[in-house]
Amino acid sequence: MNAAVATVFEPGIRKGFYDNDDRARYERCIKTSKRVRWDIDADVFRGRSFDFSRTFLPNGLTKVDELDFLTDEEKRCISHVQGRTYPGVFGMVERFIGAKTLELASAHRLEDAVCIEGLVRFTDEELKHQELFRRIDIAIAARMPSGYAFLAEPNEVARAVLKRSTWAVLALTCHIEFFTQAHYRESIERDENLSDLYRDIFRYHWMEECQHTAMDEIEWRREDETLTPDQRDVCVDEFIELLLMLDSLLQAQAAADAAYFMRLCERNFSPAEQCAIRSTMLRAYRGQYIASGIQHPSFRELLAQVASEAQIARIDGALGAICARCDRA
């Protein structure tokens, strides 16, 4: 069946076929996915539990070293609090990433079988990651005092995100996947002070996310090719909306986590110290989930391929104050 006939019999499919380079990248992703495939119990947990005598997230991510009035034990406690929220955020975003990936797979032509296989494997791995993050929360909750709350409801967030254009959702997804890789390779992998189980979890997560990033890059560029300049301009605004929505969620979670941490400490903090804890928690979250993605060199390179200089300036203008606060001690 030629392309014209395929278009007649498959209404609603996305424009164009994959080129040979894209197919080759998908084939490599599938091959790697099969090679690194892991099981939650047999490979990741292996009967282990989290070591609360050690930190969960590196100090560079938590920004806890800026709070010089805290004891070492209190700094470790902040790492545990943020370390519980960290998989919570990933579980939340992978809810809409998996749904969008399944949608992309179902929208492709039968001739794109290799790419469909890659996206289906991608979806399956995202579902496994969601289960992994649920297991992490259960295991950490069993050892932490009551009172912690992850405020966002993942299904509600997913529904809100998926109302936006595919371009905007893929932009957000690529942003997330780039900071996922940066966190592991630049911080988590190198920190010998972390709980071994916690570090291993994100090593295994990173092993599969590398393939996901490559596939999402391809899909974002292909989606961009179907848009008119005016449509793309609307998509850029939607991407900004999604990042600002994420920031709103982070503000609420940071406030809740700061309050929970201070309740765990066996002393009272001065008003100035309380303010410093709250502001540092928020700057840490904005750095982890917004600045480290939007400023990632590979994301900037990809963004330059699908957006104009004026559109990129609009994105940077909307997020400039947030990112500047992340960098300020």
field: Row check, Phe50 ring normal vs Arg143 NZ/CZ: under 6.0 Å, within 45°
entry: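 Geometry flag: not set, cation outside 6.0 Å or 45°.
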Donor on one side chain, acceptor on other, Thr85 and Asp257, under 3.5 Å: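 The answer is yes; a qualifying pair exists.
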field: Distance-only side-chain donor-acceptor flag, Gln311 / Asp233, under 3.5 Å
entry: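 Side chains of Gln311 and Asp233: pair found under 3.5 Å.
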query: Less than 6.0 Å separating the ring centroids of Tyr86 and Phe56?
result: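 Here the rings of Phe56 and Tyr86 have centres that are no less than 6.0 Å from each other.
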task: Would you please indicate yes or no on a ring centroid separation below 6.0 angstrom for His205 and Phe133?
output: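 They qualify: ring centres under 6.0 Å apart.
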From [X] atom [atom1] to [Y] atom [atom2], the distance as rounded to the nearest 0.5 Å:
X      : Y      : atom1 : atom2 : answer
Thr62  : Ile78  : OG1   : CD1   : 7.0 Å
Leu170 : Asp224 : CG    : CG    : 10.5 Å
Leu172 : Leu242 : CG    : CG    : 5.5 Å
Tyr184 : Arg190 : OH    : CZ    : 11.0 Å
Glu177 : Thr180 : CD    : OG1   : 7.0 Å

- request: In sequence, state the C-alpha distance, the side-chain angles, and the governing distance for Thr55 and Tyr198, and then conclude on side-chain hydrogen bond (donor to acceptor under 3.5 Å, both in side chains).
  value: CA-CA 9 Å; Thr55 54; Tyr198 200 90; over 6 Å; no
query: Is the shortest heavy-atom distance from the side chain of His129 to the side chain of Glu209 under 4.5 Å?
result: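 Yes. Closest side-chain heavy atoms under 4.5 Å.
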query: Does the side chain of Arg95 come within less than 4.5 Å of Gln130's, by heavy atoms?
result: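 Yes. Closest side-chain heavy atoms under 4.5 Å.
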Between [X] (side chain only) and [Y] (backbone N and O only), is there a donor and an acceptor less than 3.5 Å apart?
X      : Y      : value
Thr32  : Cys29  : no
Glu223 : Trp167 : no
Arg185 : Ala182 : no
Thr280 : Ile277 : no

- request: State which residue, out of Gln82, Arg283, His183, Lys63, fulfils the side chain to side chain donor-acceptor pair (under 3.5 Å) condition with Gln288.
  value: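 Filter result, single survivor: Gln82.
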Quick test of your reading of the model: are [X] and [Y] salt-bridged, counting only N-O distances below 4.0 Å?
X      : Y      : value
Arg300 : Asp316 : yes
Glu125 : Lys128 : no
Arg37  : Asp124 : yes

- request: Quick one: sort the Tyr289 and Phe179 rings into parallel, tilted or perpendicular, breaks at 30° and 60°.
  value: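 Rings of Tyr289 and Phe179: perpendicular, over 60°.
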message: Between Gln181 and Thr213, is the side-chain hydrogen bond (donor to acceptor under 3.5 Å, both in side chains) condition met? List the steps.
response: CA-CA 9 Å; Gln181 294 186 54; Thr213 304; 2.6 Å; yes
task: Grab the two heavy atoms, one from Arg267 and one from Phe69, that are nearest each other, plus how far apart they are.
output: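 Heavy atoms of Arg267 and Phe69 come nearest at NH2-O, 3.0 Å.
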- request: Apply side chain to side chain contact (heavy atoms under 4.5 Å, CB included) to the pair Glu238 and Glu241, showing each step before the final yes or no.
  value: CA-CA 5 Å; Glu238 290 182 337; Glu241 290 172 5; 4.3 Å; yes
message: I'd like to know if Phe90 and Leu151 are part of one continuous hydrophobic network [Ile/Leu/Val/Met/Phe/Trp/Tyr, side-chain heavy atoms within less than 4.5 Å].
response: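 Shared cluster, no.
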